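Just so you know, ligand 1 is whichever comes first in the structure, and atom 1 is the first atom listed for that ligand. Everything numeric here is computed off the predicted structure, so don't read it as measured data.
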Amino acid sequence: MICEVIVDIAHSEVDKIFDYVCDAPVQAGARVAVPFGRSAATGFVVRVKETSDYPAEKLKKVYRVEEGTPAVNAECLALAQAIARRFRVPLALCLRLFIPPEMRTGKVSETYRTFVRFVQDVPTKNAPQQAACLQYLKEHGEADAARLREQFGAAVNALEKKGAVAFEKRRVLRDPYKGMEGKERGHALTLAQRRAVEAIGNTQKTVTLLHGVTGSGKTEVYLTLIADALAAGKTAIFLVPEISLTPQMLSQLRARFGSAAAILHSALSAGERFDEWQRLREGSARIAIGARSAVFAPVENVGVIVLDEEHDGSYASESAPRYNTFDIALLRAKHNGCKLVLGSATPSVETYKRALDGEFALVRMPERINARPLPDVQIVDMRREVRRGNPSPFSAALRERLARCLDEGQQAILFLNRRGYSQTVLCRDCGYVAKCEQCDVSLTYHSEENCLKCHYCGARYKMLEACPSCGGRHIYYSGTGTQRVVGELKKLYPSARILRMDNDTTGGKEGHYRILKQFSQREADILVGTQMVAKGHDFPLVTLVGILDADMSLHFPDYRSNERTFQLVTQVAGRSGRGSEKGDVILQTYDPDNPILRFAAAYDYEGFYRHEVNMRAATMFPPFALIVRVMVSAAEERAALGALREVYEKLQAVYMEASGDFLFFNRMHAPIKRIQGRHRYQVLMRLTTRRLLARIYEIVSGVKYKDVLVWVEENPSNLS
Ligand code: ADP
Ligand code: ZN
C-alpha cells in the first residue's frame, strides 16, 4: 500500500506531500514514523492509495504506524485541509490543532496499573498472610496490586507463583475532576425552555441564535439538546469561553452525563488532557466540553454543537492559524448535518445582524426563570464624587448600599473593569476622554514616547497637561487595582470577609474553583474581581453588584469597545438578585449620560443594537467593513523593512486595481514599535468586501524572508 504523508514539521518548505510504502494496515489520519532526510520524523497520512507516480525503488518505507485508531478522523482531516487552504498555512500546523500537544512530544502515554485477580483455592497452611489475602480476593474478586502488597506484603507474589491468583495489567484513565460531581439534577423544562428546544429542532437553518437574558435558563436548554443528541446515538460539542471560570457548569455536566462528558482544558495536567482526548477519540466519552480548542474535538457523528456566550472575545485565536471558533463550528455542523446553537444575553452586533437578516434562526428568552426580576441599575456620577472631595473608589451611594448588604447578611460582588484602563486618558473632573480627530476612537497613551496614538490610523498627539474641555488637571491614565480596592474595603468594613479574584490570585487548575467555591459556601461577604467575576456564576445570596468604573472599557482602542462595555455591564449586573431576594446594581462612571451605559442599565439590548449598528454603518466599521492588518515582525529592522516593502508593493497592486473596495490603505509602524526585541510594522486596510481576502492571504504567504514573521489579522480586537 502507498500512503501520502505530510511530515509534521511546520515549516513551509516541507509543506509537501510525500509518498511512502506501508506494509502494515493504515488509514488516512493515522500518524506514522517515517524516514525523512537523514533522520526520522512523524507524519500524518492524508491518503492511502494503490499506486504511486514515483518508481517503486525510490519510495521509502514507513517505519511504523503509531496508533490503531487514526489520531485524526476523516472529518477532521478534511477540516484541517480546509483551514490550511483558507489561511494559507502549512497543513501540518493545522493538523496539530486536532491532537493533544502531548501526543506529539511523546512525553505522555497511557497509564497502566496492575490488578490481582482470584483464580483458585490452594493450600495456605502455616501462611496466615497468604490465607488472609486469598480470602480477601475471594470476597472482592480483584484488587489493585500495589494496595494489596501494602496490606499483605510478599504473600501476594507467593500466591501468584502457586497459581492461586493472576496479575493483570490494565489501562486506567486519569480523571481530572474527581470529586467535583455536583448534586444538581436536571430541571423539568419551563414553557419558555421547551419552546426554545422545539424551535431549535424545527428550524431549517443550521445556526440558531438563542438570545436569552441572564438567568433565563439557557444552560438547561443546551443540556436538553445534548441529551437528545446522545439519545439519538450521536455526540456533542459544548464550547464555553473560559472553562476555568465555569466550575458550576462542569459539575452540572458531570452530574447529568457522568463519564460520557470529557473536558478538554489547557490547565489539566498533560496526562489528564491526553486521557480525556483518548476517551473522546475511542468513543467512550461522547460530549466534548472546553474552550475554543474543543471545537477540534475528535468526536464523530456530531449531533449538536453549542457555543455559549458567543460574543466572547476568546473565541478568536491569536496565533496561527488565526481562526474564529464559530467558522470552524459551522463547518463541522454542516458536515454532520447538525444544529449549531449560539447562546448569549448580549450577542455580538455581527451575530445579531446575521440573525435579523435571516441567515440564522433567532429564538428569544426574554424572562428570567420563575419571572425573577432583573436587578435595578443605579448610575452614579463619579465626577461629582471627585468634586465633593471623595477620592476613594467607592461612591457614597455604593458605601451605603454595601453597608446594608452586610448588615442583612447578604453577599456583594465588586467589579473592576481592567480592560484598557491603564492606557486611556481621562479627565476626572469632567469625564473628557482624548480621541482621534479622524477616527473617533480613543487614543492610547504610550509611555515610552510620552505621546498619544490612534491605533486605527497611526496619528500621534501630544500628551495632555490639562483637560482641553474643562481645564482640569486631574488627568488620569492609570487605574485602581483590585488590591487597593480590597485595602480600602478593609478600612471601611473591618469585620467583612473579603475575597479577591484576579490574575494574581487564581493560579493553577483549581485557583478559580477554590475562590468561587469559598464564595458560594458563604465563607466571604464580598468578592472583588476583574472580568473573571462577570462570567456566568450563579450565587443566590448576592444582592448587590458594584461596578466601580463602568466606562473604562468604552475607551479601549477597539471598534467593538461599545459592544464590549454593554456586554460586560450586562453580564456583571446579571450576577445580582438570582436568588429569592431582588438585587441591586450600582454603576459608577465618569460619563453618566453615555448612551451605551444607559441602554445597559435599562437592559435594552435592542436599543443598544440599533444605536451601535447605525454607528458602525455611518463610520464604516465591521460588520459593514472588514479590517485587515498585515503584520511584519523581525529582530532585524532592515529585514522587517525589506519584507514590509515587498508585501506592501504587492498589496498596493491590488489596491490600485480595486481601489473602490478600499476605505483605507497604508503602511506604518505598528502602534507598539517593538515587542520582545522584535520590530513591528503593519499594512492596515479597511475593505468594503471580503472579495480580496483570499488574494491577501496568498500574497502574504508568498513573502518569505529569513527570520521575519508576516501574518494576516482579520478584524483584530487588539491593534497594538
Ligand atoms: P442563563 O445561563 O440563561 O444565565 P441559567 O441557565 O444559569 O441561566 O439558569 C438560571 C437559574 O435558573 C439557575 O439557578 C438554574 O438552576 C435555574 N433553572 C434553570 N432552568 C430551570 C427550570 N426549568 N426550573 C427551575 N429552575 C431552573
Ligand atoms: Zn485615527
Side-chain angles (χ1 to χ4, degrees), residues 181-200 208-228 238-243 245-257 261 289 304 306-312 341-347 351-352 362-375 377 410-411 413 415 516-517 519-522 531-543 545 566-583 585 600 603 605:
E181 281 75 11
K183 45 197 173 321
E184 292 100 46
R185 322 217 71 157
H187 298 283
L189 296 190
T190 62
L191 185 63
Q193 286 168 329
R194 209 165 58 232
R195 285 206 176 126
V197 170
E198 280 164 12
I200 293 164
T208 300
L209 170 61
L210 178 59
H211 179 208
V213 298
T214 57
S216 58
K218 294 186 288 297
T219 313
E220 202 61 43
V221 173
Y222 306 147
L223 298 187
T224 306
L225 294 167
I226 292 170
D228 290 350
F238 188 1
L239 302 161
V240 293
E242 272 164 281
I243 198 156
L245 300 180
T246 46
Q248 285 171 329
M249 182 87 93
L250 295 188
S251 53
Q252 224 167 318
L253 280 153
R254 296 297 292 232
R256 180 88 156 248
F257 300 111
I289 305 148
V304 68
V306 174
L307 208 148
D308 190 24
E309 310 287 1
E310 70 80 28
H311 59 271
D312 199 281
V341 179
L342 311 177
S344 179
T346 52
T351 299
Y352 201 68
L362 178 58
V363 175
R364 291 193 172 89
M365 298 211 293
E367 309 239 312
R368 276 188 161 183
I369 288 282
N370 298 333
R372 271 175 214 143
L374 285 158
V377 184
Q410 280 161 350
Q411 290 180 302
I413 294 178
F415 167 69
L516 295 170
K517 192 166 172 182
F519 192 60
S520 74
Q521 291 178 345
R522 270 191 105 169
Q531 267 68 341
M532 299 173 186
V533 303
K535 303 286 161 173
H537 317 302
D538 198 24
F539 303 116
L541 278 177
V542 171
T543 52
V545 164
F566 184 88
Q567 288 159 353
L568 213 50
V569 170
T570 310
Q571 292 293 331
V572 209
R575 300 313 109 215
S576 184
R578 292 173 79 90
S580 49
E581 300 283 320
K582 185 162 187 295
V585 177
Y603 300 101
Y605 178 82

Practice task
Go through ligand 1 atom by atom and flag the ones less than 4.0 Å from a non-hydrogen atom of Thr214.
Solution key: 4 (O)
Exercise for the section: Tell me which part of Arg368 gets within contact of ligand 1: side chain, backbone, both or neither, using heavy atoms under 4.0 Å. Expected result: neither
Practice task
Using a 4.0 Å heavy-atom threshold (strictly under), name the region of Ile369 that reaches ligand 1: side chain, backbone, both or neither.
Solution key: side chain
Exercise for the section: Please confirm whether Ala188 comes within less than 3.5 Å of ligand 1 when only nitrogen or oxygen atoms on both sides are compared. Expected result: yes
Completion exercise
Note: ligand 1 atoms sitting under 4.0 Å from heavy atoms of Val213 are 3 (O)
Exercise for the section: May I ask you to list the atoms of ligand 1 that are less than 4.0 angstrom from any heavy atom of Ser216? Expected result: 1 (P), 3 (O), 8 (O)
Problem - Ile200 side chain near Val221 side chain, heavy-atom distance below 4.5 Å - result: yes
Problem - Test item: side-chain donor near acceptor, Glu310 and Thr351, under 3.5 Å - result: yes
Handout entry: Atom of Gly574, atom of Thr214 and distance for their closest heavy-atom approach
Key = CA-OG1, 3.4 Å
Fill in the blank from the handout: Those residues at least two apart in sequence (or on a different chain) that pass side-chain hydrogen bond (donor to acceptor under 3.5 Å, both in side chains) with Tyr352 are Arg364, Glu606
Exercise for the section: Just jot down the ligand 1 atoms closer than 4.0 angstrom to any heavy atom of Asp538, in number order. Expected result: 13 (C), 14 (O)
Problem - Counterpart residues, side-chain hydrogen bond (donor to acceptor under 3.5 Å, both in side chains), relative to Gln411 (two or more places apart) - result: none
Problem - Gly215-ligand 1 polar pair, N/O distance under 3.5 Å - result: yes
Handout entry: Positive for side chain to side chain donor-acceptor pair (under 3.5 Å) with Ser344, one of Gln567, His311, His211
Key = His311
Exercise for the section: Would you mind checking if Glu220 and Arg256 are paired as a salt bridge, meaning a charged N to carboxylate O distance below 4.0 Å? Expected result: yes
Handout entry: Gly212, any N or O under 3.5 Å of ligand 1 N or O
Key = no
Exercise for the section: Examine Gln193 against ligand 1 and note whether any of their N/O atoms are separated by less than 3.5 Å. Expected result: yes
